[in-house]
Amino acid sequence: MITIEKTTLYVNVLNQSYNYIPTGEPCEFKIELDPDKLFIFKKLFNQLNSLEFDNAVRAHLPYLPYHLDEENDEIDTRLKKIYALIHEFGDEKIKEFVEQLPYFNN
């Protein structure tokens, strides 16, 4: 039987980054997950980065109110997915923290 070892991932949501080793940069979360799940963080952070760029461009259009902008909802959705993954693969302390976030139960 083949066993796949878990990989440690150091995640920084604020900077939209992750590392496999501690680099001295601030790390918000240290999680353990299967190696085949690592691409999910890369994909979500890339999507988030792209949406935030589009949002910065949109900010210069005065005729489109912020609260009616679909990109804002998409950014929130990606952040919820990232925190859901952190909750899933984090330890008990991390799970307790994520469960305290206001949008966790939405």
Side-chain angles (χ1 to χ4, degrees):
M1 181 176 195
I2 298 174
T3 59
I4 299 176
E5 291 187 29
K6 301 266 184 185
T7 301
T8 301
L9 195 66
Y10 299 88
V11 181
N12 188 329
V13 178
L14 180 63
N15 293 337
Q16 300 175 12
S17 65
Y18 62 91
N19 290 301
Y20 302 106
I21 57 172
T23 61
E25 292 182 14
C27 166
E28 295 171 329
F29 304 102
K30 177 183 172 185
I31 60 174
E32 303 279 331
L33 68 160
D34 297 329
D36 60 338
K37 305 259 193 288
L38 295 172
F39 77 95
I40 299 172
F41 279 97
K42 181 177 183 175
K43 186 173 183 177
L44 286 171
F45 282 142
N46 284 342
Q47 290 173 354
L48 194 58
N49 191 354
S50 176
L51 286 166
E52 286 181 347
F53 176 79
D54 293 345
N55 214 14
V57 172
R58 189 241 13 110
H60 295 85
L61 304 175
Y63 57 87
L64 186 58
Y66 176 83
H67 64 284
L68 297 178
D69 190 7
E70 291 180 13
E71 275 97 16
N72 289 326
D73 296 334
E74 290 296 321
I75 289 172
D76 291 344
T77 299
R78 296 309 184 288
L79 284 172
K80 288 177 185 178
K81 289 179 180 182
I82 289 168
Y83 279 110
L85 286 169
I86 290 169
H87 181 270
E88 181 177 345
F89 299 115
D91 61 15
E92 286 304 314
K93 185 177 175 183
I94 290 172
K95 289 180 185 202
E96 289 176 15
F97 172 78
V98 173
E99 289 170 4
Q100 298 301 316
L101 297 174
Y103 51 80
F104 180 76
N105 293 318
N106 290 342

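Nothing fancy with the numbering, it's 1 onward along the sequence. Worth knowing before you read on, the calculation uses all heavy atoms, side chains too, and leaves out hydrogens, waters and symmetry mates.
Residues passing the side-chain hydrogen bond (donor to acceptor under 3.5 Å, both in side chains) test with E28: none are found, sequence neighbours excluded. A search for side chain to side chain contact (heavy atoms under 4.5 Å, CB included) contacts involving E96 returns nothing, not counting sequence neighbours. I21 is linked by a side chain to side chain contact (heavy atoms under 4.5 Å, CB included) to T23, counting only residues two or more places apart in sequence or in another chain. Residues meeting the side chain to side chain contact (heavy atoms under 4.5 Å, CB included) test with D91, sequence neighbours left out: K93, I94. Listed by chain and residue number, nothing satisfies the side-chain hydrogen bond (donor to acceptor under 3.5 Å, both in side chains) test with E88 (two or more places apart in sequence, or in another chain).
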Margin query: Between K95 and E99, is the salt bridge (charged side-chain N to carboxylate O under 4.0 Å, His left out) condition met? List the steps.
Written below: CA-CA 6 Å; K95 289 180 185 202; E99 289 170 4; over 6 Å; no
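For the atom pair OH (Y83) and CZ (F29), the distance works out to 5.0 Å, reported to the nearest 0.5 Å. Atom OG1 of T8 and atom CD of E32 lie 3.5 Å apart (nearest 0.5 Å). A distance of 14.5 Å separates NZ of K81 from CD1 of I86, quoted to the nearest 0.5 Å. Distance check: H87 NE2 to K80 NZ gives 15.5 Å after rounding to the nearest 0.5 Å. Rounded to the nearest 0.5 angstrom, T77 OG1 and I82 CD1 are separated by 11.0 Å.
Taking the side chain as every heavy atom from C-beta outward, L44 and L85 approach each other to under 4.5 Å. Between I31 and F41, the closest side-chain pair of non-hydrogen atoms falls below 4.5 Å. Under the 4.5 Å side-chain criterion, counting only non-hydrogen atoms from C-beta, L9 is not in contact with F89.
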Using residues 10-20 as the side-chain source, report each donor-acceptor pair under 3.5 Å to any protein atom, sequence neighbours left out, with the distance given to one decimal.
from	atom 1	to	atom 2	distance (Å)
N12	OD1	L14	N	3.1
N12	OD1	N15	N	3.1
N12	ND2	P26	O	2.8
Q16	NE2	E52	OE1	2.7
Q16	NE2	E52	OE2	3.4

